[in-house]
Amino acid sequence: MNAIIISALMGVLLMFTSIATKNKQVINNIALVALLFLLICNIADTYNWWSIKVDTKNMFVFTKFGYFFNSIAIATTLVFVALSGNDIIKIGNYAAEYFVLIFFVLCGIAILSSFNNLLMMFLGIEIMSIPLYILTGADKKNLKSNEAALKYFLMGSFSTGILLMGIALLYGTNGSFDIQQVMPSQELIKHAPLLEVIGLVLIFSAMLFKISAAPFHFWAPDVYDGSPSVFSSFMMTIVKAAGFIALINLFFYKAESLAHLWRILLFVVIITTLVIGNITAVFQQSVKRMMAYSSIAQAGFMLFALYATNDTAKEGILFYAAAYSLATIGIFAVLARMDDYTLEGYNGLAKTQPMLAFVNAVCLLSLAGIPLTAGFFAKYYMLAAVIKTGSTIGIVLTIIGVLFAAVSAYYYFRVIQAMYFKEGNSKVDNVTPSFKYALLVLAVLVIFFGISPDTLISWFYF
Amino acid sequence: MISVLLILIPLIAGIATFLIKGNNLHKQWAVLASLAALVVSLLGICGSSISLNYDASWIPTFGSRFSTKIDGMSQILCLLTAISYPLIFISTYKNEYKNARSFYGLMLLSQAGLMGVFVAADALLFYFFWELTLIPLYFLCSKYGGDRRIAVTFKFFVYTFVGSLLMLIGIVYLYYKTPHHSFALADFYALKLSIKEQGFIFWLFFIAFAIKMPIFPFHTWQPEAYEETSTAVTMVLSAVLVKMGLFAVIRWVVPIFPDAVTHNAPIIITLCVISMLYASLLAVKQDNFKRMIAYSSIVHMALMCASIFAMNNIALKGVMIQMFNHGINMLGLWIVADAIEQKTGTIKFSELGGLAQKAPALAILFFIMALANVALPLTNAFVGEFLMFSGLFQYNVYASSLALLSIILAAVYTLNMMQKVFYGNTLPATENTTEVKRNVQFSLAVLSIIIIVLGVYPSPLINLTKDTVLFIIGK
């Protein structure tokens, strides 16, 4: 409960700091401290040192899995703010508000990681999404940002409607919002009323929208491309991972009984997501838009965890979330300061800014899943989880998956080629030494988790 | 401990190279580091008191260990790697690279990766090194070389990346088959897989290795990559890197999928014979020194691959010593190619001629390399090819007779090259050539000595292969 309450409180607190001080740098630092405090509170909750107890009438169930995801989300947000804080405060006139909204998003994420009730899930998704609509449109003078915000809001409200419809249908057939009672069991699913199946599929579709899986991905490229770069990296990583956690929380409980309905559906969704994400990314000239499609492709890979629904998958999705978020945040931290977002803009970056190019290369290698980076073990986990199910279709799925992983290497390596092997004069704005060191720390983390993933994994077991 | 040293010395030296400032310092540093690795590998072979293997916990949650296993075959390949790098550094000592620091650093890192592949006894660790070798080489190939290098290297990268990912699926599948979920080589060997499973997983592994070797129809990356990348890197690719494929088939495929190997042997041997004849004919037609060597390398690699699948004592022995010999001969040919390119600025046969008058020492040394490439008796390659052909003959007369044609063709293209480049009248490009530098002569002389000594007295090498061959045949 700590993460939910304290993140909301911190949000309110930060709102008032903007009255006390107009110095944006100070606000940035306060946000960092607040995030650190939030992380500590969540860890204290995990190990039962100190926690706020509220009787939630079984609407929340706090599990280790949820706590760890909270920690990962908060820690990556911390890394994100530490790296990109300077870019956040530059977007508009009001710095504090952005941080406030980020805290509210974290509150929504904390709800999503531990709900046990469909209403709570709905609340979590809304609390997470509404601040994002605002953040997308944060760059008020930029037409693309406005367009993205409107698009995101309209499409988002549409998916909210679908989600509510699904919840209503499940409530109608079961008379309860409680997940344990709502999810049909093995015998029931065969005789389940049609309304119930439709309800499940509607909820599932709305969730696929949130994680930008095909065929509900159409909003993603425009929104990620249009919103300010710093916020697109936040939305692509931490927020998307939260969507996965919600899906796992929702469907994991009765995964076995749903398996046969579920796996056919997922198989189709995964393949279309991989095809659309990867193939479209190949043709992009703008690195930012390429990353938007790459994030769709990565969602396809993360869906492997949902296909497998076993313990390896649960561990894996946490590891994937951490590895993917770190790498994407690193790439976007550099991207946000580039003059030119196109591939040509990256030409010769290795000469002008060797450190930035190195970190960028490490992050790209991690996204491609090359050993020695965290991304490799993330991919490994997903493959292992699916192979563990032991079905032939699972193996077919992994083979298709790795073929698309090779396609993804194509577009990630194009950036590396531009940085290292092409002549050019790419310009990067205000690179401070502290920014460089923060980036280096991030690269070291990516490599460290790539050599010794156990430090992170053993934490899941403690 | 030897195995760890073999990985750590180039690894640490490679990282350190990036930090060294100064002009020629990294060159000397790289030579020294690679010589240190050579000493360690010789210590391992001569049987010092230091233990060979090492075993430590790496990722306990997956049951993966940092464990190494050095058998005779690993020793041969570690020795090859350890000999190659100092010779590469010495023979290209005078070449200037822009940003030399990263060149030498990446070269040493690639050596660490190769050593890791040859000693790893844990599948995940093996996969780790398998991919890690590729990354420094990717940067080396893309950074240094001809105009089309970026595209060509990328093709090479994607090919091998697809292969290794398929192998990863195979590895994970076997992992879940082991009783206590482990990646250990010994546990993989103990698996009892059904014939259907073997047939499926075998191909996942074999395609990865076939791409690396490369054999027809996965070979298209190779001639281009050899031609476009800088010669020092090409030496690594052709002398050592491609051996990863053969080595991996012997260590990671044959003992784990015995039934699939017997079952698929006809298909694979056919593919190999096709690639031998196909590449031989292409080699005869080439006008480009580097491309010709590239195709000639495909011929030899395909012969070795075919001999593995003949699955008998003699052929396997032949493969193992030929892996070493082929590496040595390739090094020699590429050193000459590099010397000629540096001297005359061209590697086209039609523009070269009469070099023997200008550079007699180079001509004599190259003659020895050329004879070894044809596998003439008294050269090292003869021993290996003789063993392989006699093994292949036991397996199938027709296949081996067809394969034997490649020896005749090898004589055609190699001697043809010799004649066109070194004899006849001098042409404008070769008019002002002088004798090659001492460092090149030294490297070629060392290689010639190895070629002749192993041609006359191959038994030390053959003895090294005994334990591995016995184990494989025993399975």
Side-chain angles (χ1 to χ4, degrees), chain A residues 312 315 319 350-351 354 358 361-362 365 368-373 376-377 379-390 392 394-410 412-414 416-422 450-461, chain B residues 18 57-62 64 66 98-99 102 109 113 116 124-136 138-139 141-145 149-151 153-155 157-177 181 196-197 200-201 203-204 208:
Chain A
T312 315
E315 256 173 68
F319 195 87
K351 276 222 185 71
F358 171 73
V362 169
L365 291 176
I370 306 284
L372 206 70
T373 59
F376 166 67
F377 283 106
K379 285 239 159 66
Y380 164 82
Y381 251 128
M382 292 298 121
L383 295 180
V386 174
I387 293 173
K388 200 180 180 185
T389 60
T392 321
I395 295 198
V396 173
L397 187 66
T398 54
I399 290 178
I400 298 173
V402 298
L403 290 181
F404 280 105
V407 174
S408 78
Y410 175 82
Y412 294 133
F413 272 71
R414 279 216 304 184
I416 295 183
Q417 284 169 0
M419 290 191 302
Y420 279 91
F421 314 129
K422 300 239 166 94
I451 295 174
S452 165
D454 233 40
T455 38
L456 192 61
I457 301 163
S458 58
W459 217 51
F460 303 155
Y461 290 99
Chain B
F18 286 100
S57 169
W58 179 36
I59 313 175
T61 17
F62 300 166
S64 178
F66 190 99
K98 54 174 190 207
N99 206 346
S102 58
L109 290 183
L124 200 63
L125 190 68
F126 169 75
Y127 183 82
F128 218 71
F129 282 120
W130 178 272
E131 286 280 61
L132 274 198
T133 318
L134 199 58
I135 298 302
Y138 169 77
F139 279 93
C141 294
S142 301
K143 189 110 185 135
Y144 308 95
R149 61 179 193 277
I150 297 178
T153 310
F154 198 59
K155 184 175 174 186
F157 180 82
V158 169
Y159 257 85
T160 45
F161 190 53
V162 170
S164 26
L165 283 171
L166 291 177
M167 173 172 76
L168 182 64
I169 294 180
I171 289 176
V172 177
Y173 186 88
L174 295 183
Y175 167 73
Y176 280 115
K177 286 279 159 191
H181 293 334
K196 207 178 144 204
E197 274 175 332
F200 184 57
I201 307 297
W203 285 106
L204 289 181

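So that the names make sense, note that chain A is the first sequence line, chain B the second, and so on, each numbered from 1.
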What closest approach, in Å, do B/L132 and A/P371 show between heavy atoms, and which atom pair accounts for it?
CD2-O, 3.9 Å
Where A/A406 and B/L165 come nearest, the two heavy atoms and their spacing
N-CD1, 4.2 Å
Measure distances from [X] to the heavy atoms of chain A and classify the residue's part below 4.5 Å as side chain, backbone, both or neither.
X      : value
B/F161 : side chain
B/I59  : both
B/L134 : neither
B/F129 : neither
B/I171 : neither

Could you measure the distance from the [atom1] atom of [X] to the [atom2] atom of [Y]? Nearest 0.5 Å is fine.
X      : Y      : atom1 : atom2 : result
A/I395 : B/I169 : CD1   : CD1   : 8.0 Å
B/S57  : A/D454 : OG    : CG    : 7.0 Å
A/I416 : B/I135 : CD1   : CD1   : 7.5 Å

Could you label the plane-to-plane angle of the [X] and [Y] rings as parallel, tilted or perpendicular, counting under 30° as parallel and over 60° as perpendicular?
X      : Y      : answer
B/F154 : A/F413 : tilted
A/F376 : B/F128 : perpendicular
B/F62  : A/Y380 : tilted

Contacts under 3.5 angstrom, residues 381-389 of chain A side chains, donor-acceptor by atom type, not counting sequence neighbours:
from: A/Y381; atom 1: OH; to: A/E315; atom 2: OE1; distance (Å): 2.5
from: A/K388; atom 1: NZ; to: A/T312; atom 2: OG1; distance (Å): 2.9
from: A/T389; atom 1: OG1; to: A/V386; atom 2: O; distance (Å): 2.5

Chain A: which of B/L124, B/L204, B/I150 shares the most heavy-atom pairs with it under 4.5 Å?
B/I150
Which residue out of B/W130, B/F157, B/Y138 racks up the most heavy-atom pairs below 4.5 Å with chain A?
B/Y138
Count the heavy-atom pairs under 4.5 Å between each of A/A368, A/G369, A/A409 and chain B, then report the option with the highest count.
A/A409
With a 4.5 angstrom heavy-atom cut-off, is it the side chain or the backbone of A/L403 that approaches chain B, or both, or neither?
side chain
Chain B contact via A/L372 - which portion, at a heavy-atom distance below 4.5 Å
both
Taking atom NZ as the centre, does B/K155 end up with more than 12 heavy-atom neighbours from other residues, nucleotides or ligands that are less than 6.0 angstrom away?
yes
With heavy-atom distances below 4.5 Å as the criterion, would you say the side chains of B/L168 and A/V402 are in contact?
no
